[in-house]
Structures are given as C-alpha cells and as structure tokens.
**Q** 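One structure, pasted below without further comment.
Quick note on labels: first sequence line is chain A, next is B, and so on, each numbered from 1. We use all heavy atoms of the structure for the numbers below, so side chains are in, but hydrogens, waters and symmetry mates are not.
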2 protein chains.
Amino acid sequence: MISRADIAAAAGRIERYVRRTPLLRVAGAEFGLPFQVCLKLELLQHSGSFKPRGAFNRLLSAELPTSGVIAASGGNHGAAVAYAARALGVPAEIFVPTLTPAAKVARIASYNARVVQTGDTYAEALLASRARQAETGALEVHAYDHADVLSGQGTVARELEHDAPELTHVLVAVGGGGLIGGMTAWYAGAAQVISIEPESCPTLHDALRAGRPVDAPVGGIAADSLGARQVGGQMFEIAQHFVTRALLVPDAAIVAAQRVLWEHCRVIAEPGGSTALAGLLSGAFVPPEGAHVGVLVCGGNTDPAKVAQ
Amino acid sequence: MISRADIAAAAGRIERYVRRTPLLRVAGAEFGLPFQVCLKLELLQHSGSFKPRGAFNRLLSAELPTSGVIAASGGNHGAAVAYAARALGVPAEIFVPTLTPAAKVARIASYNARVVQTGDTYAEALLASRARQAETGALEVHAYDHADVLSGQGTVARELEHDAPELTHVLVAVGGGGLIGGMTAWYAGAAQVISIEPESCPTLHDALRAGRPVDAPVGGIAADSLGARQVGGQMFEIAQHFVTRALLVPDAAIVAAQRVLWEHCRVIAEPGGSTALAGLLSGAFVPPEGAHVGVLVCGGNTDPAKVAQ
C-alpha cells in the first residue's frame, strides 16, 4: 500500500510540472445547504483534470523507452499522459473507446499524441492498448492501478489538507479509483473520504459490497470519466481500510450539480467532475453536525454549451 | 480620494457577503510567455464578476429607503446590485441598454430585480434610471463614480496583495474605472497598475491623454462590460496619480485571450473579463525583466458556447 512518504516524494517530483489548484469556499446558502462547502478546483489543472499528477509521477519514476508511452483512457488520463509525454519529450499513443467525447479526443490530439479510438468501453480500449504495447515496447501508463499513479493522485489530498486543514469529510468521485485511492492513502483516516459514484457506474460501491473488485455496469452521463469496469486492486486495498461510505447518485443529480456550479460559481465541470458535489446537493451524503466538508471538482473536459443550457 | 483605510473598512463591512476569490499561478510556457502569470479569478465571485464588492459596500454604508435601490448597468453591476439587494432584503430596479446580452439580463432577473432594457448604451440607460429614481426615491447605486463603490472594488487589490505580495505589475481592464480606481488606491504605487482597454472602448486612455474624463467611443465585443462612455471623475483623480500606462488591445486579442483561458485553464471569461490578459498575450504590455505579473480576470457572464468554439 502506498504511504504518505510516497505521496510526499511524488509531490516533490511533479512540482515543476503541475499546477497547485485553488480552493473556492462557498457559503452554504448558495447551495441550499446549512454549512460552508470547500471546493478544490482541480479541473483547473493542466489538461483539464487531476490526471497529470499521476501521469507525471509515473513517467518521472520510470526509464522511458524511445518508443515512448502508451495508455488506455476514457479521455482524461489520455490527455494527461499526452500532455506529460510532450512536456518530457517522448511520443505517446492513447487508446480511447468510442464513448469518449469529441472534446477529449481533440484535447489528446492537441498534445501531439497518436489517438486510437476503439472498443465500446475503457476496458476494451485497454485490451487493444496492451496488444499494441506488446508490439512497440512503449511504457504502459495505467490509468489507476499502479503505485506511482496512485501516489501522484494522492498529491491532491496533500495540497487540500495544507490549504484546508479543518476538513473532516472529503467527497471524491470514483471510476477506477486512482484519485480516491491516492487521496485516502494521504488522509489515512485523518479526514473521512467519501466515495460518490453514478448509479450507472458503481465500481467501488459494488467492490466494497462484494469484498473484492468486481465487474460493474458502465453507463450514463459520466461513463467517459468514471466508467472503469472495475476499481484497481491496489486502490481497493486502501479503500477497504479507509473509505467509510460509497454512495450513489442518479445522472439527474449530476446534471443538476453541473448547473449549480455554472450558475453559482461560473465553473464548467464535466459530469464526472461534478459527481462528488452531486453527492452533497442531492442529499446522498448528509454530513454530521459540525462537519467541515470538502469536494473535489476533478475535471472540466466537456462542451460548455451542454452545461449552460 | 479614497484611502487604504477606506478600503480596509470596506473589506470588513462586506466580508460576510462576498467570496474571497482564488489565485491560479500559470507557468509562462502555457501562455507562450517567459514568466509566470498570476491570475486572480474574480469571475468566481457571486453574480459572476467583481461588482458585488462595490455594491455591498455601497448598500451597507447607506440608509436603504423602502423603495429600495436603483442602478444602471451594462449588466454586471446590475446583477451585483440585484444580488446584494436580495441578500439585504430590499427591492431593486436595474436599467440596462439594448446591447446587454441575454445571459446578463437573465442573471439580473434571477435575483428578483425588475429589469428595464432601454437605450443603446450604458450612458442612455443611466439617464433613464435617473428619471425613474426621481419618481421613486430609491437609492442610486452608481456603477463606478462613488467613493463607497470604489472602496468596495479596492478590496480585490487588498486580497491580491495579501495572497501574491510579490507582484510588481497588475493588469486590469477598464470601463468606467471603478475597479482600477479602487485597486490603484489600494496599491498607491506599491505595484504598478496597468490599464488595458479595447481599442473600441478607450475611456481611460482617452481621458489620460485629454487630462480629464472625455467622451470615448463605445463599441466592439466588450462594450457590455467596458462600454462606459467616460471614466468617473473620482477614479480619474486616482488614475492621474497612479496609473502609469493605459494600453489598448483589438477585439481579436480579446477573443484570443478568451480561447487561451478556456483551452489552458478551463476558465470561461467574458470579453471584458479576458481583456486584461489580452494586454499581456498580445504584447501590448511587455513587463520589464524580473517583473511579477498579476492579471485580473474580472467577469464570466457570457454564453460559454461562444467561448469554446
């Protein structure tokens, strides 16, 4: 299991390459809630999501072959790997499924990566990327199930704890679980980390119930960012220790949270990026009296016209 | 002329009602510049612009008649006055010109204000609002030419100086001049405040050249937020002392800055809100070696579909 020391080391390694993203403290009344909410605006990170943290930590910790790097992704991880590969001067090949929205494909291509769109879901794109990796010998950068990726994502929690030490509860959206795995490893119980997932992509919810990572449905509005078929084995071990609650929200609550973020905060979040807030606004999670609540707004790679209707 | 003490008093007065907006430090390479840029994301303020600072300070400093408050505005000030009036429980009437975009009219109405759309420009809406004020006796909340409004806007600089004390140059867009007037009064030369205006709305540029506020053209893409016909008399006195440079940018540079903010930062700024950054990206302002540059991103009330094309 990764440690706080691993995450601190990752933070030092990636510091030059990633942004320290800001907080926005929103009065509860704005959101119809009786308590302040602390938003970590991680969607302002390079490439529009938290993913460069893990991607840079993985690339900077490995020997990079001349064939470069290869990754499968719903889109955000691919964009981050492409961004990191360009920054470090190596080629990147990114495999994405057909459900990846055009905005994400364009973003990956804009960083000069080769994009291959194949398979219906992330899991199928991953299989295709592995067949290709066997040919090229490129470094595989897994989207979540790798210690260096987890440690990189954990640096979000390190910043958040520093900037908002009062937080008692932190809400995080989950797909493959890299973000919540890294963050939970950092907090290690010092704050409760709550998992929020769409009802249509309940990977961690189902895994915790089954006692092991199991196949979950992949569907709904956030499938491109949260539609890993299973959580990773490495994150699951951490989650079993420290994730106290894995809650689900309907797609309608995610759309409502996107609208609230735009209307009240002028923030454009993608569906996966507003899922954690949806957990709070929908009442799926009701914090105890006196809680200090933080919410990760983890991605903004979407067509803004769809958010601000 | 307003003082730092006036601004500090304003900050105490409005603290409960406004957001402390975050900074985003962007590596120069992202913007094709050889130095870091510190963005103050004031567009994340309530109602989508910096304007609630001045509006709250004005309302909280006055005796509020039962007829409430009245204001003329290109849109953002009106939204802020409506927001503040609702928060303080008084009615608001807002006069806006026909060039005010639908997004801003809708925003004002969403705060339960009565909106009157009349006249081609802000200056004409202001005349209409004054005729109406003479009937109702409501408190006029001028968009920029009032000491309480200037002191309120100056609180942005107080936050910025606290959070980024290293800044040597701060770029600010100018319409009627309330924001730059308040900010310059705070810095009082401690950092150089640079005025950036669209070529098609050069109010401060023309005033400084003439030695007094003079009528300037009102046109182009940012006219709804920066299209005051003249700068205010009170801000002009401050600007004469402290605004060292008043630079102009073409509309195309403003559009380019909007795109950069979306592509590289996932920030949706309105044209007026990206005008200050346009001054930097277009090369209109080239900071001296060793400078530390801050940029106010002051408004986000626009249709995001127009930004992310």
**Q** Quick one: CG on A/Leu41 to CG on B/Leu41, what's the gap to the nearest 0.5 Å?
**A** 8.0 Å
**Q** To the nearest 0.5 angstrom, please state how far the CG atom of B/Leu43 sits from the SG atom of B/Cys298.
**A**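 It is 8.5 Å, given to the nearest 0.5 Å.
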**Q** Search all heavy atoms of B/Cys38 against all heavy atoms of B/Leu23 and return the closest pair with its distance.
**A**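 Result for this residue pair: SG-CD1, 3.7 Å.
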**Q** Nearest 0.5 Å please: distance from the CG atom of A/Leu59 over to the CG atom of A/Leu64.
**A**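 Taking CG in A/Leu59 and CG in A/Leu64, the distance rounds to 5.0 Å.
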**Q** For chain A against chain B, print all donor and acceptor atom pairs separated by less than 3.5 Å.
**A**
| unit_1 | atom_1 | unit_2 | atom_2 | d |
| --- | --- | --- | --- | --- |
| A/Arg19 | NH1 | B/His264 | O | 2.8 |
| A/Arg19 | NH2 | B/Glu30 | OE1 | 3.3 |
| A/Arg19 | NH2 | B/His264 | O | 2.8 |
| A/Glu30 | OE1 | B/Arg19 | NH2 | 3.2 |
| A/Glu30 | OE2 | B/His46 | ND1 | 3.4 |
| A/Glu30 | OE2 | B/Tyr83 | OH | 2.6 |
| A/His46 | ND1 | B/Glu30 | OE2 | 3.4 |
| A/Tyr83 | OH | B/Glu30 | OE2 | 2.5 |
| A/Arg107 | NH2 | B/Glu263 | O | 2.2 |
| A/Glu263 | O | B/Arg107 | NH2 | 2.2 |
| A/His264 | O | B/Arg19 | NH1 | 2.9 |
| A/His264 | O | B/Arg19 | NH2 | 2.8 |
| A/Arg266 | NE | B/Gly300 | O | 2.9 |
| A/Arg266 | NE | B/Asn301 | OD1 | 3.0 |
| A/Arg266 | NH2 | B/Asn301 | OD1 | 2.8 |
| A/Gly300 | O | B/Arg266 | NE | 2.9 |
| A/Asn301 | OD1 | B/Arg266 | NE | 3.0 |
| A/Asn301 | OD1 | B/Arg266 | NH2 | 2.8 |

**Q** Which bit of B/Leu44 is near chain A, if near means a heavy-atom gap under 4.5 Å: side chain, backbone, both or neither?
**A**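 The answer is both parts of B/Leu44.
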**Q** Of all residues at least two apart in sequence or in a different chain, which pass the side-chain contact (heavy atoms from CB on, under 4.5 Å) check with B/Ala113?
**A** B/Ala82, B/Ala92, B/Ile94, B/Ile108
**Q** Please report the closest heavy-atom contact between B/Pro52 and B/Ala80, naming both atoms and the distance.
**A** N-CB, 3.4 Å
**Q** For the atom pair CD1 (A/Ile268) and CG (A/Leu261), what is the distance rounded to the nearest 0.5 Å?
**A** 9.0 Å
**Q** So which of B/Pro22, B/Ala308, B/Pro304 has the largest heavy-atom pair count under 4.5 angstrom toward chain A?
**A**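 That would be B/Pro304.
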